[in-house]
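Take a look at the structure below.
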Amino acid sequence: MLMKEYRICMPLTVDEYRIGQLYMISKHSCEQSGGGEGVEVVRNEPDNHPKYGAGQLTEKRIYLSSKLPSWVKAFVPRIFYVTEKAWNFYPYTITEYSVSFLPKFSIRIETRFENNNGDNDNVFGDKPTPAENVCFLDILSDPIPEKHYKESEDLSLWQSSKTGRGPLEKGWRDSHKPVMCSYKRVECSFEVYGFQTKTEEFIHRNIRDILLVGHRQAVAWVDEWHGLCLEEVREYERTMQEKTNSKVKCSQNSTDSGVVPRRAFSRSISVTDERSLKKMGVTTAAVPDPSHSGVQDPQQGSPIVSEPPTSSVQTDA
């Protein structure tokens with residue numbers, strides 16, 4: 001398991017960000033949905049926790065096939081999603097990610113928001129995070145993927161007409177008032193020999209980018225949400241969820257109706273492949289011995305076994 005604690009400061013208060021977070025997540029999810037991918041909200045309902053009290057439970061399906069590395073795409077369905085379950089007991093939240101056909105894969109994120117500049121070394125109250133596992137992310141200067149850059153979200157150019165804040169300057173975290181910090185303890189686990197390090201590092205790189213982009217947007221969009229009450233932002237959330245779900249489902253239906261079958265692969269899953277899949281907890285179907293298949297390669301004249309487009313993996317995803 002690879003654990004890191006990310007600390008992301010913003011020129012906001014914790015009370016302000018309660019509204020900004022809900023607004024940002026709803027708008028960002030809608031922007032990133034389309035083409036059969038994005039975020040589908042399955043449920044969003046009040047929840048009561050014996051320890052944390054009243055809160056909100058959301059469950060989402062995140063479709064992201066095109067964002068997977070090629071070595072993973074070989075073993076997943078054409079339409080593939082990650083399940084996200086989040087418990088929001090603001091200013092504390094828990095988020096968990098899972099994949100039904102990869103039982104050895106999991107991500108858990110604990111978040112706590114505080115009005116400081118990230119100087120609390122034991123924010124979760126159990127034990128301090130080792131210094132080498134703490135990563136400060138600067139929404140002003142840290143690089144983000146070029147495809148996500150927008151001049152309107154560049155905080156060195158940003159100026160809020162409602163709050164009078166901005167633009168941010170070098171060293172802002174230690175001098176700006178107000179300032180708050182989003183502390184995120186991220187535990188990523190994919191305990192499969194030969195895949196673990198590569199996969200966990202890949203996931204953390206993507207989480208880093210998502211955190212930077214999301215927190216930049218929450219600040220850059222402040223004039224859109226500042227002044228809204230909780231009931232108003234919840235109504236906005238419901239409207240955007242309906243729009244986002246519609247975009248994802250319409251795109252998938254369109255893709256399904258116009259899909260062209262892919263050419264079958266001319267090899268079976270090797271013994272090594274099958275062993276690797278079993279380590280991940282994936283069940284594979286029996287693959288016939290090529291020498292007894294009776295199927296001839298039209299060019300080579302040798303027996304082959306054809307696989308379906310998503311390989312011979314059985315999955316309920």
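What you are looking at is a predicted structure, and each value in this text was computed from that prediction instead of being measured.
- Counting all heavy atoms, side chain and backbone alike, V39 lies closest to K60 at CG1-CD, 3.6 Å.
- In terms of hydrophobic clustering, with Ile, Leu, Val, Met, Phe, Trp and Tyr side chains grouped at heavy-atom distances under 4.5 Å, I210 and M24 are assigned to different clusters.
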- Please step through side chain to side chain contact (heavy atoms under 4.5 Å, CB included) for the pair D47 and Q56, ending with a clear verdict. CA-CA 5 Å; D47 185 55; Q56 194 80 5; over 6 Å; no
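- The other residues sharing a hydrophobic cluster with Y183 are Y52, L57, W87, F89, Y92, I94, V123, F124, where clustering joins ILVMFWY side chains under 4.5 Å apart.
- The backbone N or O of V14 lies less than 3.5 Å from a partner atom in the side chain of N115, making a donor-acceptor pair.
- Between L230 and R18, the closest side-chain pair of non-hydrogen atoms falls below 4.5 Å.
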- In sequence, state the C-alpha distance, the side-chain angles, and the governing distance for E31 and K150, and then conclude on salt bridge (Lys or Arg N to Asp or Glu O under 4.0 Å). CA-CA 13 Å; E31 285 189 348; K150 295 180 181 179; 3.7 Å; yes
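- With hydrophobic clusters built from ILVMFWY side chains whose heavy atoms lie under 4.5 angstrom apart, Y97 does not share a cluster with V41.
- Side chains of N88 and T93: no donor on one and acceptor on the other come within 3.5 Å.
- Side chains of N44 and T58: a donor-acceptor N/O pair is absent below 3.5 angstrom, by distance only.
- What you find for T83 and Y81 is that their closest heavy atoms are OG1-CE1, 3.6 Å.
- Using modelled atom types and a 3.5 Å distance limit, the side chains of T163 and H226 yield no donor-acceptor pair.
- Across G164 and Q159, no two heavy atoms sit closer than the pair O-NE2, 3.6 Å.
- Looking at W221, its side chain never comes within 3.5 Å of a backbone N or O of R216 through a donor-acceptor pair.
- Of all non-hydrogen atoms in C229 and E232, the two that sit nearest each other are N-OE1, 2.9 Å.
- When atom types are taken as modelled, the side chain of Y17 and the backbone of A218 share no donor-acceptor pair closer than 3.5 angstrom.
- Annotation: E169, atom CD; neighbour count of heavy atoms from other residues, nucleotides and ligands within 6.0 Å does not exceed 12.
- For the residue pair S156 and D154, a side-chain donor N or O sits within less than 3.5 Å of a side-chain acceptor on the partner.
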- Task: Determine, step by step, whether Q196 and K198 satisfy the side chain to side chain contact (heavy atoms under 4.5 Å, CB included) criterion, reporting the C-alpha distance in whole Å, the side-chain angles of both residues, the deciding distance to 0.1 Å, and the verdict.
- Result: CA-CA 6 Å; Q196 182 171 5; K198 183 177 182 180; over 6 Å; no
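- When all heavy atoms of E5 and M3 are compared, the pair lying nearest together is N-SD, 4.1 Å.
- A chain of hydrophobic side-chain contacts below 4.5 Å, direct or via other Ile, Leu, Val, Met, Phe, Trp or Tyr residues, connects L212 to W158.
- The environment of E151 atom CD is sparse: at most 12 non-hydrogen atoms of other residues, nucleotides or ligands sit within 6.0 angstrom.
- Interatomic distance, CZ of R208 versus CD1 of I144, reported as 9.5 Å (0.5 Å rounding).
- Residues Y6 and H204 bring a donor and an acceptor atom of their side chains to less than 3.5 Å of each other.
- A cation-pi contact links R173 to F136, judged by a cut-off of 6.0 Å to the six-membered ring centre and 45° from its axis.
- Donor-acceptor pairing under 3.5 Å is recorded for the side chains of N120 and E114.
- When side chains are defined from C-beta on, L168 counts as touching H176, because their heavy atoms get closer than 4.5 Å.
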- Taking it one step at a time, do D126 and R185 satisfy salt bridge (Lys or Arg N to Asp or Glu O under 4.0 Å)? CA-CA 12 Å; D126 44 16; R185 181 162 62 186; 2.9 Å; yes
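- Taking hydrophobic clusters as Ile, Leu, Val, Met, Phe, Trp and Tyr residues chained together by side-chain heavy-atom distances below 4.5 Å, I107 does not share a cluster with V42.
- Tracing side-chain contacts under 4.5 Å through hydrophobic residues (I, L, V, M, F, W, Y), one reaches F113 starting from I207; they form part of the same cluster.
- Atoms CG and SG, on L12 and C181 in that order, are 12.0 Å from each other to the nearest 0.5 Å.
- For the pair I139 and C9, the tightest heavy-atom approach, listed with the atom from each and the gap, is CD1-O, 3.5 Å.
- Although no hydrogens or angles enter the test, the distance criterion places a donor-acceptor pair under 3.5 Å between the side chain of K162 and the main chain of D223.
- Using a 4.5 Å heavy-atom threshold, the side chains of N117 and D174 count as touching.
- Checked by atom type and distance alone, the side chain of E200 pairs as donor or acceptor with a backbone atom of F190 at under 3.5 Å.
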- Which is it for Y63 and V82 under the side chain to side chain contact (heavy atoms under 4.5 Å, CB included) test, yes or no, and what are the steps along the way? CA-CA 7 Å; Y63 297 86; V82 173; over 6 Å; no
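- Formation of a donor-acceptor pair under 3.5 Å by the D142 side chain with backbone atoms of D138 is found in this model.
- S189 contributes atom OG, which lies 9.0 Å from atom CZ of F105 (distance to the nearest 0.5 angstrom).
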- Task: For salt bridge (Lys or Arg N to Asp or Glu O under 4.0 Å), just list the numbers for K27 and E224, CA-CA rounded to whole Å, side-chain angles, deciding distance to a tenth of an Å, and then say yes or no.
- Result: CA-CA 11 Å; K27 181 175 177 179; E224 299 177 28; 2.8 Å; yes
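- A search for side-chain hydrogen bond (donor to acceptor under 3.5 Å, both in side chains) contacts involving N122 returns nothing, not counting sequence neighbours.
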- Message: salt bridge (Lys or Arg N to Asp or Glu O under 4.0 Å), that's the test. Do E191 and K104 meet it? Break it down for me.
- Response: CA-CA 6 Å; E191 297 178 355; K104 295 188 178 182; over 6 Å; no
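- For the atom pair CZ (R234) and OG1 (T239), the distance works out to 13.0 Å, reported to the nearest 0.5 Å.
- Side chains of K247 and S33: no donor on one and acceptor on the other come within 3.5 Å.
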- Steps toward side chain to side chain contact (heavy atoms under 4.5 Å, CB included) verdict (Q32, I62): CA-CA 10 Å; Q32 297 300 310; I62 305 172; over 6 Å; no
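- With rounding to the nearest 0.5 Å, the separation of CD in Q241 from CZ in R43 is 13.0 Å.
- Taking 4.5 Å as the limit, some side-chain heavy atom of S182 sits within range of a side-chain heavy atom of H215.
- To the nearest 0.5 Å, the span separating CG on D209 from NZ on K147 amounts to 8.5 Å.
- Annotation: salt bridge (Lys or Arg N to Asp or Glu O under 4.0 Å) contacts of R165 (sequence neighbours excluded): E16.
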